[in-house]
Amino acid sequence: LYRLSLECFRENLLFTPIGWEEFAELYRPLRSHLQEGLSWVAESGGAPAGFVFGIPDLSQAGRGAAVDTVILKTLATRPELRGQGVGHALTLRCLAGARQLGYRHVIFALIRAGNPSGRIIASYAEPIRAYTLFARELDPP
């Protein structure tokens with residue numbers, strides 16, 4: 001997933017590649033929370049074509065509430081395979097898995113307006129929150 005992530009996100013706004021160890025450290029704490037049926041890897045021609053990464057809403061558990069929500073954290077498709085239904089298929093697999101496991105809600109996390117993931121999930125969900133990035137040009141020193 002590390003190499004696939006680098007390939008899938010290299011052209012994204014504000015993407016900065018990180019090394020394998022940093023990537024592993026980001027995801028290692030989540031391993032004990034992974035559930036079969038929420039994360040999937042698609043293949044094409046024997047090679048990874050894309051993936052979806054879903055995880056139970058750990059903030060619900062942290063509040064002592066019943067966990068009835070899945071966070072679809074990442075959806076990615078190799079650039080040359082976009083527009084061929086890989087992202088839709090992965091999304092449907094994650095949603096079906098969540099339903100089978102008894103979850104009632106799915107939050108599609110951190111979808112930037114106008115990106116392919118946003119177009120894919122638009123038929124399954126509606127925005128609940130929006131974020132804005134601000135920038136300012138600084139005068140040269």
Over all atoms of both residues, closest heavy-atom pair of Ile120 and Gly87
CD1-CA, 3.8 Å

Go through the structure and list residues passing side-chain contact (heavy atoms from CB on, under 4.5 Å) with Arg63, not counting sequence neighbours.
Ser59, Gln60

Are the side chains of Gln100 and Glu36 in contact, using a 4.5 Å heavy-atom criterion?
no

Euclidean distance, Glu7 CD relative to Tyr2 OH, rounded to 0.5 Å:
13.0 Å

Heavy-atom side-chain proximity of Leu6 to Phe23 below 4.5 angstrom:
no

Under the ring pair (Phe, Tyr, Trp, His ring centres under 6.0 Å) test, residues paired with Tyr103 that sit two or more places apart:
none

Kindly compute the distance separating CG (Leu72) from OG1 (Thr74), expressed to the nearest 0.5 Å.
8.0 Å

Does atom CD (Glu126) have a neighbourhood of more than 12 heavy atoms from anything else shown, all under 6.0 Å?
no

Drop me the distance from Leu4's CG to Arg78's CZ, to the nearest 0.5 angstrom.
7.5 Å

Please tell me if the side chains of Leu30 and Leu58 come closer than 4.5 Å, counting only heavy atoms from C-beta onward.
yes

Pair Gln35, Leu101 - check side-chain contact (heavy atoms from CB on, under 4.5 Å), show working.
CA-CA 9 Å; Gln35 292 185 335; Leu101 291 167; 3.7 Å; yes

Would you mind reporting whether Arg82 and Cys8 have side-chain heavy atoms less than 4.5 Å apart?
yes

Checking Leu1 against Phe53 for the side-chain contact (heavy atoms from CB on, under 4.5 Å) test, could you report, in this order, the C-alpha distance in whole Å, the side-chain angles of both residues, the deciding distance, and whether it holds?
CA-CA 10 Å; Leu1 288 184; Phe53 180 68; 5.5 Å; no

So Arg10 and Pro79, do their side chains get closer than 4.5 Å, heavy atoms only?
yes

Using 30° and 60° as the class boundaries, would you call the ring planes of Phe51 and Phe9 parallel, tilted or perpendicular?
perpendicular

Hphob cluster co-occupancy, Leu14 + Ile18, side-chain heavy atoms under 4.5 angstrom
no

Arg93 CZ to Ser39 OG distance, which is reported to the nearest 0.5 Å:
13.0 Å

Which heavy atom in Val67 sits nearest to a heavy atom in Pro56, and how many Å separate them?
CG1-CB, 3.9 Å

Determine whether Val41 and Leu90 fall in the same hydrophobic cluster, where Ile, Leu, Val, Met, Phe, Trp and Tyr are linked whenever their side-chain heavy atoms lie under 4.5 Å apart.
no

Is Leu92 reachable from Leu75 through a run of I, L, V, M, F, W or Y residues, each pair having side-chain heavy atoms under 4.5 Å apart?
yes

Any idea which heavy atoms bring Leu81 and Ala49 closest together, and the distance?
CD1-CB, 3.4 Å

With rounding to the nearest 0.5 angstrom, report the OH to CD1 distance, Tyr27 to Ile55.
10.0 Å

Nearest heavy-atom pair of Leu38 and Gly97: which atoms, and what distance?
CD2-C, 4.1 Å

